[in-house]
Amino acid sequence: MNVHEDMRRGSPTAAPEAAPSRQEAVPDRAPALVTLARWAAALRPADVPDRVLSLAASQLLSQLAAIRAGAADPLGARMVQAFGPPFQDDPRLSACVLAGLGSWLNLDDTAYAGHLSPSSVAVPLAYARHLGLDGAALLTSIVAANECAARVTAAATLGPLRGQSALHTHLVGAVAGRLHCAGADADTWADALGLALAQPPWPLLRAFLASDARLFSAFAPVRTAMDACDAATAGFHGPPDLLEHPDGFLARFATVPLADAVTDGLGERWHTDTLSFKMHPGGPGVDAAIDCALDLHHELAIGRLDDEDVIEEVVVETSLYTLTAQRTAERYVHGPGAPLGALVLHTPYTVATALLTGGLTVADLTAPARDEESRWRTARRVRLVHDPAMTRALLVSEAPFGEAVRRAGPDAAAWLEGFGGPELTAMAAAARPDRAPADFTRAHKATGARVSVRLADGRTAATQRLIPHGAAGPHTRRHHTRLVRGKFTALGGPEHVAQAVAEIGGMTPSALRSWTEAALS
């Protein structure tokens, strides 16, 4: 049976019908949050293309893998001790714990725009279980949460906060995920979104990169969103024009506001199409370099040796995006004892580890592996070099911010110069495409790298990858189910759970409950 066709026939246990399945047009004068709320509240399985539902199923399994990894770590165990297990009687707290466990090890998936899954998967997961929804309802709620969170995040992408630091992503994803599961009306959605965004978080880099506070990066905004939903349900009203008002959200959180990105192409341009799946616990920009290092480990048959002369030199040629992340990380990473939050951004350490061990796991980011001197000797021999061609490729890919630069046009110049200097501004002007893609079915994330290695015995080798393994692009679109199955089982997930991912959309409430509990067993 085609489970997505089964979903289209309707689901008796899906969220109650709050509006017709084909959304009515909303006047252009409606505030962005109102337009978004009316569309998302009415979204039903029949409105979502099969490919998007399939991506949402992979996203669910991938985030369950991240939650497993978070729960298995000692710090994750402390979160469970403080706030309870991932599945508990109170769905609000369950949503927070699921969000916290799934975000902080950098195994959460991304899209254009934002790290969506800690809220857009965790919250529907908690509420689908609590409300007894089936697989069709769960996947549709994940898509609704993705679309709302990605659009608001895209509107502020050309601003001071991006990636995991853009915690407003989770305010929107959590509200959308919960209210879609509950079948709430559009007015409640608009109020809850306005209330959640009324006091958006602004994380401090010191705490985020170098302390246990990192565990609350998704937990706290999801908790705020749960309060906003409760308040809106009780009759509190949020400002419907909060996004675009001169004293509102975009005025504070966007250097170049892109308010039209919130509502443009609703139901036609699916941001879920831009999903990138995290295959390593690495931060933004390091994925392709890690992929290359893994390939070179096998090609050169590098053993796990403590001889500091095995690898003489490593050169990583990459884009300004990766170089910017490295400049941030090196302020906090000085060798053994480095904090995990900064270490996942550190290209030399992650590349050295992949070259020496043939892998990069969560265990590599903590003691005792993190403190091995052989890794740091090799890391000190890793040199980063700017490759202008890779920066140009980055600028014309939709993720992580190329689509925002395209949409902003010449107005993006000030933000680009602040991010990468005059060189980046000139590159963007030369690379800017003439027109927007009709949809995101060909979206890609070109955060590439070329890694060259010279060994003490004289051997050399080099390889490159423009799109990281699992990132948005043609290979991931064809093979995302297989990729996330491998991720899930590599992190200890049961094989039978991984194999059932294609059947999620056809699961009954009881089958879905059993499947999700087995996933986190």
Side-chain angles (χ1 to χ4, degrees), residues 1-4 6-7 13 53-77 79-81 84-89 91 94-95 97-109 117-118 120-130 132-139 141-142 275 277-281 359-366 469-470 476 479-521:
M1 175 187 296
N2 184 320
V3 296
H4 300 310
D6 183 58
M7 291 171 65
T13 54
L53 293 170
S54 179
L55 281 163
S58 289
Q59 183 186 8
L60 172 59
L61 184 65
S62 181
Q63 190 62 15
L64 284 166
I67 294 166
R68 285 186 65 92
D73 187 87
L75 282 179
M79 174 170 278
V80 171
Q81 181 181 2
F87 291 135
Q88 51 187 289
D89 291 340
S94 180
V97 173
L98 287 164
L101 293 177
S103 65
W104 70 282
L105 291 174
N106 273 79
L107 284 163
D108 55 317
D109 303 316
S117 294
S120 63
V121 171
V123 178
L125 189 60
Y127 275 87
R129 184 176 185 274
H130 177 71
L133 303 184
D134 62 11
L138 173 58
L139 291 185
S141 294
I142 289 172
L275 276 170
F277 299 98
K278 269 287 188 181
M279 308 310 293
H280 318 293
L360 183 70
T361 68
V362 173
D364 291 313
L365 303 173
T366 57
H469 195 51
T476 297
H479 302 293
H480 60 84
T481 300
R482 176 177 58 80
L483 290 170
V484 299
R485 282 173 177 166
K487 172 182 176 178
F488 182 78
T489 55
L491 289 166
E495 180 66 34
H496 74 276
V497 171
Q499 291 301 322
V501 64
E503 304 303 320
I504 294 171
M507 287 182 181
T508 64
S510 60
L512 180 65
R513 185 184 184 98
S514 296
W515 183 82
T516 54
E517 289 179 353
L520 297 183
S521 63

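Here, residue 1 is the first one in the sequence, and each next residue gets the next number.
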> Write down the atom of L101, the atom of P86, and the distance for their closest heavy-atom approach.
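Between these two residues, the closest heavy atoms are CD1-CG, 3.8 Å.
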> Does any N or O in the side chain of S103 come within less than 3.5 Å of the main-chain N or O of A99, such that one atom is a donor and the other an acceptor?
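Yes: the side chain of S103 pairs with the backbone of A99.
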> Evaluate the side chain to side chain contact (heavy atoms under 4.5 Å, CB included) criterion for residues S62 and H480: first the C-alpha distance (whole Å), next the side-chain angles of each, then the deciding distance (0.1 Å), finally the verdict.
CA-CA 10 Å; S62 181; H480 60 84; over 6 Å; no
> Mind checking whether S514 and M507 have side chains closer than 4.5 Å, heavy atoms only?
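No, side chains not in contact.
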> For the backbone of G102 and the side chain of Q63, can you confirm whether one donor and one acceptor N or O come within less than 3.5 Å of each other?
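Such a contact is found between Q63 side chain and G102 backbone.
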> To the nearest 0.5 Å, tell me how far L105 CG sits from L491 CG.
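Answer rounded to 0.5 Å: 9.5 Å.
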> Is a side-chain N or O of D73 found less than 3.5 angstrom from the main chain of G70, in a donor-acceptor match?
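Such a contact is absent between D73 side chain and G70 backbone.
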> If you compare all heavy atoms of V362 against all heavy atoms of A69, which two are closest, and at what distance to 0.1 Å?
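Heavy atoms of V362 and A69 come nearest at CG2-CB, 4.4 Å.
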> Any sub-3.5 Å donor-acceptor pair from E503's side-chain atoms to A500's backbone N or O?
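Side chain of E503 to backbone of A500, a donor-acceptor pair under 3.5 Å: no, none is there.
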> Between F277 and Q59, is there a side-chain heavy-atom distance shorter than 4.5 Å?
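When only atoms from C-beta onward are counted, F277 and Q59 do touch, with a gap below 4.5 Å.
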> How far apart are the closest heavy atoms of Q88 and V97, and which atoms are they?
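Closest approach of Q88 to V97: NE2-CG2, 3.9 Å.
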> Quick one: pull up CG in L133 and CG in L512 and give me the separation to the nearest 0.5 Å.
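So the gap between those two atoms works out to 8.5 Å.
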> How many angstroms lie between CG in L365 and CG in N106, if you round to the nearest 0.5 Å?
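Nearest 0.5 Å value for the CG-CG distance: 8.5 Å.
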> Please report the closest heavy-atom contact between G470 and M279, naming both atoms and the distance.
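Closest approach of G470 to M279, heavy atoms only: CA-CG, 4.1 Å.
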> D109 side chain to K278 main-chain N or O, any donor-acceptor pair under 3.5 Å?
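At least one qualifying donor-acceptor pair exists.
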> Tell me if a side-chain donor or acceptor on R68 pairs with a main-chain N or O of A519 at a distance below 3.5 Å.
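At least one qualifying donor-acceptor pair exists.
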> Would you give the length of the straight line joining atom OG1 of T516 to atom CG of L138, rounded to the nearest 0.5 angstrom?
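Reported value, rounded in 0.5 Å steps: 8.5 Å.
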> Taking C-beta and beyond as the side chain, do L60 and V121 meet within less than 4.5 Å on heavy atoms?
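SC-SC contact between L60 and V121 confirmed.
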> Can you tell me how far the CD1 atom of I142 sits from the CG atom of L55, to the nearest 0.5 Å?
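The distance works out to 11.5 Å.
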> Output yes when a side-chain donor or acceptor of S521 lies under 3.5 Å from a complementary backbone atom of A518, and no otherwise.
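At least one qualifying donor-acceptor pair exists.
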> Measuring only between side-chain heavy atoms, which start at C-beta, is L520 closer than 4.5 Å to L98?
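L520 reaches L98 side chain to side chain.
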> If you measure from CG on L125 to OG on S120, what distance do you get to the nearest 0.5 Å?
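Nearest 0.5 Å value for the CG-OG distance: 11.0 Å.
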> Can you see which heavy atom on S94 is nearest to which on F87, and at what distance?
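So the minimum-distance heavy-atom pair works out to OG-CA, 3.7 Å.
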> Give me the atom names and distance for the closest heavy-atom approach of Q499 to R485.
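Looks like O-NH2, 3.5 Å.
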